[in-house]
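Here's the structure, in structure tokens; my notes come after.
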Amino acid sequence: MSFNSLAIEEILMIPKPAQQARSDGRRDFWNQFYQSSAESWELSLPSQFAAFVANEIDRKAHVVDIGCGNARDSFFFSRHGFLVTGLDASEVAVASAREHTKTQGGDGLEFAITNLKDGMVQQVLSNRRAKAVCIYARFFLHAITDDEEDSLIDALHEGCQPGDIVAFEYRTLADRDTTKVAPPHFRRYLCAAELDEKMKQFQFTKRYGVEGVGFAKYKAEDAIVARAIYEKGL
């Protein structure tokens, strides 16, 4: 059975070491996903989470959009005056985003590829483009492995400065058995309390959190998600 045909329930049973072994399959899935939508790409409305975060952070902040995908939120932040760096593991997604900056504008908007273990996140944070920085990751944490999550949080701990903001939106354990609109692909489901504790261990204090439905509704799907905003401490 190919990776792309695995049912969500079967993916959940894959042990941690095997999750990482399937990284190439996941990258192929997303490359195919973004390639299939490349010709119909348009500057769409932002996610509800992007609009929420934009009102919570410094208007002159440098937004680092991790797992930027089709870049709709990256373009949204850019068009509202933020400096933006979009990061993604999909070469197709990053190439598409770079191409669309030529026609859609994007002063202060840049894109790069990362696998979370190549030092790119730390590099972007060390070359911060504004005093205030917001790490933004929507629907990303549940799309990576446990090991990749650890690499991401390590990178944030290393690269963030006191006062930097981290904004996450992700599927929680309660969402595991809900109906999904998208085709089956790798997903984890996170426990918000466990993530809060992990972030606390790396000097990130939770400033806001909520879990429920109505935050990320898409067509017939109303995902059960958590939103969290953390601030890096001293």
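Just so it is clear, the values below take in all heavy atoms, side chains as well, and ignore hydrogens, waters and symmetry mates.
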Any salt bridge (Lys or Arg N to Asp or Glu O under 4.0 Å) involving residues 57-70? Give me the pairs, sequence neighbours left out, ordered by first then second residue.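 Sorted result for residues 57-70: empty, none.
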
Among pairs that include at least one residue of residues 122-138, which meet salt bridge (Lys or Arg N to Asp or Glu O under 4.0 Å), considering only residues two or more places apart or in two chains?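 Checked against salt bridge (Lys or Arg N to Asp or Glu O under 4.0 Å) - neighbours excluded - the pairs reaching residues 122-138 are Glu110-Arg129, Arg128-Asp164, Arg138-Glu169.
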
Show me the pairs that pass ring-ring contact (aromatic ring centres under 6.0 Å, His included) and involve residues 142-166, at least two apart or across chains.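 Of all non-adjacent pairs touching residues 142-166, those that pass ring-ring contact (aromatic ring centres under 6.0 Å, His included) are Phe139-His142, His157-Phe202.
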
Can you tell me if CG on Asp107 sees more than 12 non-hydrogen neighbours from other groups inside 6.0 Å?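 12 or below, so no.
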
Gln201, CD atom: more than 12 neighbouring heavy atoms under 6.0 Å: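 Yes - once you tally the heavy atoms of other residues, nucleotides and ligands closer than 6.0 Å, there are more than 12.
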
Using the test side chain to side chain contact (heavy atoms under 4.5 Å, CB included), find all partners of Glu211 that sit at least two apart in sequence or belong to another chain.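 For Glu211 the side chain to side chain contact (heavy atoms under 4.5 Å, CB included) partners, ignoring immediate neighbours, are Thr172, Ala174, Ala192, Ile224, Ala226.
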
Using the test side chain to side chain contact (heavy atoms under 4.5 Å, CB included), find all partners of Ala143 that sit at least two apart in sequence or belong to another chain.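 Testing Ala143 for side chain to side chain contact (heavy atoms under 4.5 Å, CB included), a comparison that skips the adjacent residues, returns none.
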
Atom of [X], atom of [Y] and distance for their closest heavy-atom approach:
X: Lys206; Y: Ala228; answer: CE-CB, 4.2 Å
X: Ala130; Y: Ala61; answer: CB-C, 4.2 Å
X: Ala112; Y: Val94; answer: O-CG2, 3.6 Å
X: His185; Y: Pro183; answer: ND1-O, 2.7 Å
X: Asp73; Y: Pro46; answer: OD1-CA, 3.5 Å
X: Ile229; Y: Ala167; answer: CG1-CB, 4.4 Å

Please name all residues satisfying salt bridge (charged side-chain N to carboxylate O under 4.0 Å, His left out) with [X], sequence neighbours left out, ordered by chain then number.
X: Lys198; value: Glu149, Asp150
X: Lys102; value: Glu99
X: Glu197; value: none
X: Arg207; value: Glu231

Would you check if the side chain of Arg227 reaches a backbone N or O of Phe215 as a donor-acceptor pair within less than 3.5 Å?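 Checked: pair present.
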
Donor-acceptor pair, side chain of Ser96 and main chain of Ala93, under 3.5 angstrom: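 Here the side-chain-to-backbone pair does not exist.
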
Once side chain to side chain donor-acceptor pair (under 3.5 Å) is applied, do any residues pair with Asn31, and if so which ones, sequence neighbours excluded?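 Expected list: Ser90, Glu91.
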
Tell me, please, which residues at least two apart from Thr178 pass side chain to side chain donor-acceptor pair (under 3.5 Å).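 In terms of side chain to side chain donor-acceptor pair (under 3.5 Å), with neighbours along the sequence ignored, Thr178 is linked to Asp175, Lys180.
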
Would you give the length of the straight line joining atom [atom1] of [X] to atom [atom2] of [Y], rounded to the nearest 0.5 angstrom?
X: Ile153; Y: Cys160; atom1: CD1; atom2: SG; answer: 11.0 Å
X: Leu125; Y: Ile135; atom1: CG; atom2: CD1; answer: 4.5 Å
X: Arg27; Y: Asp88; atom1: CZ; atom2: CG; answer: 11.0 Å
X: Ile66; Y: Ile144; atom1: CD1; atom2: CD1; answer: 9.0 Å
X: Thr205; Y: Asp196; atom1: OG1; atom2: CG; answer: 11.0 Å
X: Tyr189; Y: Leu173; atom1: OH; atom2: CG; answer: 10.0 Å

So do [Y] and [X] actually touch side chain to side chain, heavy atoms under 4.5 Å?
X: Tyr208; Y: Phe52; result: yes
X: Leu141; Y: Leu152; result: yes
X: His100; Y: Phe75; result: yes
X: Met120; Y: Gln122; result: no

Taking only Lys NZ, Arg NE, NH1 and NH2, and the carboxylate oxygens of Asp or Glu, determine whether Arg188 and Glu148 approach each other closer than 4.0 Å.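 No.
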
In one Ile/Leu/Val/Met/Phe/Trp/Tyr side-chain cluster, 4.5 Å: Val210, Ile165: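 Yes, it is one cluster - the side chains of Val210 and Ile165 are joined through contacts under 4.5 Å.
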
Do Leu109 and Phe76 land in one hydrophobic cluster if side-chain heavy atoms of ILVMFWY residues count as linked below 4.5 Å?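 In one cluster with Leu109: Phe76, yes.
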
Can you pull the side chain to side chain donor-acceptor pair (under 3.5 Å) pairs that have at least one residue in residues 213-226, sequence neighbours excluded?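 Side chain to side chain donor-acceptor pair (under 3.5 Å) check on residues 213-226 returns Arg171-Glu221.
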
Relative to Phe111, does Arg98 satisfy both conditions: NZ or CZ under 6.0 angstrom from the six-membered ring centre, and within 45 degrees of the ring's axis?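 Ring-cation test returns no.
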
One pair to check against side-chain contact (heavy atoms from CB on, under 4.5 Å): Cys68 and Leu87. What are the steps and the verdict? CA-CA 6 Å; Cys68 63; Leu87 302 175; 5.8 Å; no

Look at the rings of Trp30 and Phe33 and say which category their plane angle falls in: under 30° parallel, 30 to 60° tilted, over 60° perpendicular.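 The arrangement is perpendicular - the two ring planes meet at more than 60°.
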
Assert yes or no for the condition that the ring centre distance of Tyr230 to Phe204 is strictly below 6.0 Å.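 No - the distance between ring centres of Tyr230 and Phe204 does not fall below the 6.0 Å cut-off.
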
Ring-ring centroid check Phe49 Tyr136, cutoff 6.0 Å: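 Yes - the distance between ring centres of Phe49 and Tyr136 falls below the 6.0 Å cut-off.
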
Give the intermediate values and the outcome of side-chain contact (heavy atoms from CB on, under 4.5 Å) for residues Val63 and Val53. CA-CA 10 Å; Val63 176; Val53 170; over 6 Å; no

Verify side-chain contact (heavy atoms from CB on, under 4.5 Å) between Tyr170 and Val225, making sure each step is shown before the conclusion. CA-CA 5 Å; Tyr170 55 90; Val225 303; over 6 Å; no

Decide side-chain contact (heavy atoms from CB on, under 4.5 Å) for Lys232 and Gln161; before the verdict, give the C-alpha distance in whole Å, the side-chain angles of both, and the deciding distance to 0.1 Å. CA-CA 6 Å; Lys232 179 68 184 299; Gln161 296 180 5; over 6 Å; no

